Each structure stands twice: as structure tokens, then as C-alpha cells.
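Following: one structure in C-alpha cells, then a few remarks.
Side chains are part of it too, since the values below use all heavy atoms of this structure and drop only hydrogens, waters and symmetry mates. Bear in mind the structure is a predicted one, so any value in this text is a computation, not a measurement. To find a chain, count down the sequence lines: A is the first, B the second, and so on, and within it residues start at 1.
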2 protein chains.
Amino acid sequence: MNNQFITPDGYTSDIAVFTITSEQVGEYKPPKKELKIMLIKRSELDHEGNSNMEAGKWALPGGFVLPEETAFQAAERRLAEETGVEGLKIKHFGVYDSPGRDLRGWIISNAHYVTASEAALRSRKKTYDASEIGLFTLAEALELDLAFDHRTIMDDALWFIKKDMALTTLAKHFLPEEFVLSELQGVLLTVLDDPSISTDAAFFRKAPTLPFIEAVLEDGKPKKSNRYSKTPAQLYRFNDFQPIVSVYRNKLQG
Amino acid sequence: MNNQFITPDGYTSDIAVFTITSEQVGEYKPPKKELKIMLIKRSELDHEGNSNMEAGKWALPGGFVLPEETAFQAAERRLAEETGVEGLKIKHFGVYDSPGRDLRGWIISNAHYVTASEAALRSRKKTYDASEIGLFTLAEALELDLAFDHRTIMDDALWFIKKDMALTTLAKHFLPEEFVLSELQGVLLTVLDDPSISTDAAFFRKAPTLPFIEAVLEDGKPKKSNRYSKTPAQLYRFNDFQPIVSVYRNKLQG
DNA sequence: TTAACAATTAACAAAATGTTAATTAAAAAA
DNA sequence: TTTTTTAATTAACATTTTGTTAATTGTTAA
């Protein structure tokens, strides 16, 4: 087409990949869980040997969207290219288009977040070397001088993760297929600060009644695990129930 | 800059403007409220006299984003240009970038929704003639053959309106500064289907305890209105309380 | 006066939540 | 073998919230 429209200089897809790592803190103890974000270190030269903008800085993975794909597909493609993993939950959460955000020109970033289980993460580690890709706690990431406006994008992504963790069954994507309640609790507590979750008695009384998880059975008997405790703990899995909440129905916290 | 990146052919900002109209159904009765969307009819010729793509079809208002502004600012600008109204709540909710969505080329749409009170709507009507701009009920709008993928965008916008109406104090933007409970109830019922809202006894018992609204006082006395009833009804206003809900705290509906 | 009617309020039963204390099961120590 | 320890429950009960039905209130209009 002829240039009858004012056109941007580029359209990129950026991805904030989050995972929650488990650190064994002792035998028969629930592991310490922590939210981490995956960042890449921008190389000095691009594919064509030209020096790279913002080289050497840490940044969100991503790249230019191709004309025959959507930004969502580009995110899938880049994730597969960079991590070798497919099937992760990808969600668009914002667009970054402030003039001057990228010195290369008028470049629009379509931002996504991804929630990956530790298992997915493990296969990633095989495709990248540690000098180019890293997993950072949020505290660590806040110390870094990130490329472009990726600091803002990361902050916003975190906000969406928190919101979706509270409002949806997002926790599912950080957990194995079958999990015990303390694992769910641990995942939730990495981003949510709520006494009804952090108080064991309250959480363990309420959790088994949550309509979107169900106890796993084996030969008709409750399936239990000793992964994290001497006492066998009931295994649960998420079902397809989509919970709905409303500020006009439920008790509210500020 | 030189074209070292693959570039889109255009970047647009589209706006789904929603309002809730009140229809007087009788004296001393709560009016019938209905959600409506504002659409414009695409003219045959563009500003330069060339024939317009998708001419004659109804479409969301919007337009190309200029290089020195964000899509959000473009939405503000276009709204002001088209409706003469400023200060409306504008919210980004999605990006539409499927190849082929616009026959003119690779054009990315950054989509927003706007929630306008009827008052804001009234001033709009002065700046546009009825043949080019229209307010449609959602039922009416679904009958129309909308331009581009605006049907999809509109459907998605509606979904976000419903979600935000349930999860935030979005209703505020559809109401006057001071309102009676039946007005709030009416607004909510235009998009939410919930017995705890539609059942008068339940709603009127719960609503006065909602932390994000407060009774209006006048000279230290409750301020009341006879707008919609013979019995004076208490006036309320929204305060700044930001309610938080969670699927792990509250009773859930499917 | 009385009927009508939206807007409440009252009263009470039913559910859900918060909290403290007990119980359970298996490993590890004595 | 017995006891201790610890995470994972379960029990019990008080407190809050919610759902529901029935009454009350204040005003207009007949």
C-alpha cells in the first residue's frame, strides 16, 4: 500500500514471564516459594552484526511482530524460540506507546504476561546459557537498570498478576496438576497479603470448599501425598469452575 | 529513521462509548435504564475527498494515532473532537491486530471503552447531527453490519464493562454525583444479572453498608430526594474507597 | 379518608467466617 | 519400643453476613 497513513516505525511484542520457584527448606516441610521474573540480557550486536540498542541491559524477552501474525502469536513464537516451551498461558495486559520510549523511533509495544510453572522453567534452562537469561526475584529486578521502559512494563505486569491471582484461578498455572493445600497457600502468599490465606486454620478450613478445586481420588479413595509433610496431605486439582465475584455481593476489604 | 524494522501501515485508537439512558416510565417511578453504545456512520469521502474504506457502515469512533501522542491521548482527542466532552473515564482494554482486519493494510487498533453519564451525552448531541452519529441499544447494535472488526471489539468492550461493573466502582461513571439507591440498582441491572441486586429487599439492606458509597448530608441532616418516589429517598455519593475482592475470601457464584 | 406505592426497616433463619483448641499420622529421637 | 515433633487436618463455637418475608413510612392522588 502507499503511505497514505502516518505509520509507526515498529510493532513489538514483549513478554513478562513469571514463575514461582520452590526452595527446599528442609525435609517434610513446605518449601519456600518466591515469585521470579525471567529477563534476558540484550546482546551487543543484533542478528545482522549491527550494534544493538540498549545493549548490555537486562530486558523483557520479546521482539518485532511480523506482518502476518498478531502480537499474541509473536509472543508465542518468541517464547518458543527463546525457551523451547509451548502451551504456557499468555495474556495481553497493556500497550506501551509513549513517544520517545524507544530511541529507535516510534515503536509500539504490546505487552503480555506469562505464568509458568517451575517444570516449564526447567526445560527453558537447557536452551539458554546463564549469561544471557536470568531469573530474578522482584526485589532483585527492581535494582536493575532495565532497557527501554521495561521497568514500567514489569511493574504493571506484576500488578496484573496480583489482580488476576486474587480474581481468577491464575494460581493454577504456577502449580503442578496435583497439589496439596500448603502448596496453593504458598503460591498465593507470594503475591497476596491476606490473613484469610496466611492464617493456617482459616485457609485449611475454607480451601477444601472452594468450588474451583477438587480432591483427587485414586481407586475411589482420597489420594494423598507426603511430599511436604509426615502426615499424608490430600491432593487437589483445579476443575473448570470459573468463579465470579462482585463488590456488590461480598464482604469487602479496602 | 531508516526502515530497518518491519513496520505496520497504521496505528489507530478506537473507542467504544457506553452510556446508560434513563427513560421516564411514569411520575414517581424509577426510570427504565438501558445500556447504549455510541456509533458513527462512516462518511463516503474522507477529509481529502477520497472514497472512504467501509463507507456507509456504522463503526466505533476513533482515528489514527499521531506520532507525538499515545493511543490514549488520541482517544481523548478524538472524543473531544467528536463529542466536545472531556474528562470522561477512558480505559484501554485490548489490541486488535489480526492480519487482514483492515483491507487498507497492516493496521493495529488500540481499543478503549468510555463510560459516559447521560449528562455528558447531552452536550455531545449538540456537536453532531443524528445522521452521522447514533446511540444504539446493544440489541440494536448487534443487528448492524459494523465496519472492520468493530463487532468483535464492541462485544469485547461489553464484556469488560460487565466485568468492571462487578469488580470496581465503575457504576459511578454512569450516575450523577448524588443518586438514590434505586438509580444505582438500575444502572447495575443494565449489565449484571444477580438476585442480590435485583431483589429489592436484599439490595436495599446491603447497599447502605457498601463501603464505597456514603449517605449525603445537608446541614447535618440526611439529604433526600423525591426524584423517583413519593417517599423521600436518601441520596448517596461515591467516596474514594477502592474495594478489593478475592475468590479465596468470598462466597462465589458460578 | 383512604388507596397506592417506592422506599425503607424489622425480624429472624440460614450460611459463611474467624478463632482457639484438639486430633492425626508418620518420622525421628530417646 | 516409646515419646516427641510437626504439618495437616478436624471440632467446636462465637461472630458476621446474607437471604427472605413481613411490616412500616411518607407522600400523592382519588
Is the distance from OP1 or OP2 of dA16(C) to the nearest side-chain N or O of K206(A) less than 4.0 Å? no
For A202(B), report the nucleic acid contact type (base, sugar-phosphate, nothing); a contact means any heavy atom under 4.0 Å. base
NA contact type, S182(B), heavy-atom cut-off 4.0 Å: base, sugar-phosphate, or nothing? sugar-phosphate
Separation of atom [atom1] in [X] from atom [atom2] in [N], rounded to whole Å:
X	N	atom1	atom2	result
L235(A)	dT9(D)	CG	C1'	14 Å
K230(A)	dT9(D)	NZ	P	15 Å
Y248(B)	dA16(C)	OH	P	19 Å
Y228(A)	dT9(D)	OH	C1'	18 Å
R227(B)	dG26(D)	CZ	P	21 Å
I197(B)	dT20(D)	CD1	C1'	17 Å
K224(A)	dT9(D)	NZ	P	6 Å
D194(A)	dG18(C)	CG	C1'	12 Å

Note: contacts of residues 25-34 of chain A with DNA chain C (heavy atom, under 4.0 Å) are E27(A), Y28(A)
Atom pair OG/CD1 of S109(B) and I15(B) - distance to nearest 0.5 Å: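 Reported to 0.5 Å precision, the distance equals 9.5 Å.
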Let's test this: given Watson-Crick or G-U wobble pairing with both distances under 3.5 Å, identify the partner of dA30(D).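 Because both required distances fall under 3.5 Å, dA30(D) counts as paired with dT1(C).
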Looking at Q24(A), I'd like to know if its CD atom is crowded, meaning that more than 12 non-hydrogen atoms belonging to other residues, nucleotides or ligands lie closer than 6.0 Å. yes
Using 30° and 60° as the class limits, which term best fits the ring planes of F136(B) and W58(B): parallel, tilted or perpendicular? perpendicular
Indicate the ring-plane relationship of H112(A) and H92(A), choosing parallel, tilted or perpendicular according to the 30° and 60° boundaries. perpendicular
Among dA26(C), dA7(C), dG26(D), the one nearest any side-chain atom of A233(B) is dA7(C)
Report the nucleotide, chosen from dG18(C), dT9(C), dT28(D), that has the shortest atom-to-atom distance to any side-chain atom of F204(B). dT9(C)
Assess the pair [X] and [Y]: is the distance between their ring centroids shorter than 6.0 Å?
X	Y	value
F18(A)	F174(A)	no
F93(B)	F160(B)	yes
F212(A)	Y248(B)	yes

Taking donor-acceptor contacts at under 3.5 Å, does the side chain of T231(A) reach the base of dA25(C)?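 For T231(A), whose side chain was compared with the base of dA25(C), there is a donor-acceptor pair (under 3.5 Å).
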Can you tell me whether the side chain of R205(A) and the base of dT19(C) have a donor-acceptor pair closer than 3.5 Å?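 By the distance-only test, yes, there is a pair.
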